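Residue numbers count from 1 along this sequence. The shown structure was predicted, so the numbers you read here are calculated from the model rather than taken from an experiment.
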Amino acid sequence: MLSIFLSMVGLALLDSLNLVTISTMAILLTLLVDKRKSLYYVFSTIIAYSIGGMLFFLGIDQFLISFFERMFADYVFICAIILIVIASCMIAGGIYLGGKAIVRMIKKQPGVIKIENIKIKGTTPLALILLGIMATMSDIITSFPVVSFAAVLSANHIPTGIAAIFILSYSFIYATPMFLLYSIYKVFGDEKFNVFQKRFKGFLSKVSSYFIALLLIGFGIALLIHEISMI
């Protein structure tokens with residue numbers, strides 16, 4: 001159970017380094033007159049992410065696991081070769097992303113587009129909820145961490161009710177940067193928040209680039225060593 005908890009925290013924190021979601025939250029805080037309405041976006045994101053995570057869990061648990069077990073049993077060598085290729089691609093992708101991150105660090109990045117003196121008064125909660133749901137559903141289908149966590153839950157045969165609690169907790173951790181932005185805004189107000197969010201997005205962009213690159217390389221090397229030992 002401890003390994004599942006650690007997987008949840010690690011993968012959710014990795015998943016939370018989502019510049020699109022964080023930037024949307026920062027823009028909402030900048031534009032909305034009533035800043036509390038931005039929480040509709042946050043909680044709709046959490047709910048949509050939880051539903052998406054459960055769909056992944058149920059799909060993996062009922063269909064994919066049995067399919068892959070049969071495939072691995074019948075085509076052990078071929079599957080090992082395919083996984084070695086995937087591992088090699090992960091390592092190459094990690095090196096490529098790491099190289100791009102280093103180049104971006106050396107070169108000066110273009111400035112952030114300023115949005116000043118614009119306020120939105122008439123936004124309804126329903127519009128923000130729909131924004132959160134649509135943005136999440138378009139993003140979650142390409143989210144490697146949440147799919148991986150659903151696979152971890154399925155592989156450990158976690159009951160559906162307990163899995164739902166884990167995935168809901170994962171979604172709250174995923175939303176941590178958005179809660180952090182909201183809290184910082186409430187403490188510092190408009191002017192200081194604008195300065196902070198620009199610096200924060202720049203820092204997050206650099207950290208996520210390196211972290212994703214290292215994660216790909218690490219997973220790729222581990223997978224490569226495992227599959228070579230199996231041949």
4.5 Å side-chain heavy-atom contact, Y41 and Y182: no
Tell me whether I225 shares a hydrophobic cluster with I95, the cluster being built from Ile, Leu, Val, Met, Phe, Trp, Tyr side chains joined at under 4.5 Å. yes
Find out whether Y185 and S38 are in side-chain contact, i.e. whether some heavy atom of one side chain is under 4.5 Å from a heavy atom of the other. no
Nearest 0.5 Å, what's the OG1-CG distance between T24 and L131? 6.5 Å
Is any side-chain heavy atom of L153 closer than 4.5 Å to one of I167? yes
Would you say D34's side chain and R36's backbone share a donor-acceptor pair under 3.5 angstrom? yes
Give, for atom CD1 of I129 and atom NZ of K37, the distance between the pair rounded to the nearest 0.5 Å. 11.5 Å
Donor-acceptor check, side chain of S169 to backbone of I165, threshold 3.5 angstrom: yes or no? yes
Distance from I46 atom CD1 to L168 atom CG, nearest 0.5 Å? 7.5 Å
Using the rule that two of Ile, Leu, Val, Met, Phe, Trp, Tyr join whenever any of their side-chain heavy atoms come within less than 4.5 Å, decide whether M178 and L130 are in one cluster. no
Do F57 and T160 come within less than 4.5 Å of each other through their side chains, counting heavy atoms only? yes
Distance col, row M25:CE vs L180:CG, nearest 0.5 angstrom, shows 10.0 Å
Going by side chain to side chain donor-acceptor pair (under 3.5 Å), name the pairs with one or both residues in residues 47-59, residues two or more places apart or in two chains. D15-Y49, Y49-S143, S50-S171
Please determine whether residues L126 and L128 belong to a single hydrophobic cluster, defined as Ile, Leu, Val, Met, Phe, Trp and Tyr linked transitively by side-chain heavy-atom distances below 4.5 Å. no
Nearest heavy-atom approach of M137 to A48 is CE-O, 3.4 Å
For a quick test of reading the model, state the closest non-hydrogen atom pair linking I217 to I91 and the distance between them. CG1-O, 3.9 Å
Determine whether V146 and M134 fall in the same hydrophobic cluster, where Ile, Leu, Val, Met, Phe, Trp and Tyr are linked whenever their side-chain heavy atoms lie under 4.5 Å apart. no
Using the test side-chain contact (heavy atoms from CB on, under 4.5 Å), find all partners of Y96 that sit at least two apart in sequence or belong to another chain. K100
Is there a side-chain contact between Y174 and T45, using heavy atoms and a 4.5 Å cut-off? yes
How are the rings of F166 and F149 set relative to one another: parallel (under 30°), tilted (30 to 60°) or perpendicular (over 60°)? perpendicular
Closer than 3.5 angstrom, by distance alone: can the side chain of S16 be matched with the main-chain N or O of L13 as a donor-acceptor pair? yes
Around F179, counting heavy atoms of other residues, nucleotides and ligands shown, do more than 12 lie under 6.0 Å from its CZ? yes
Scanning both residues in full, the closest heavy-atom pair of I173 with T176 reads O-OG1, 2.7 Å
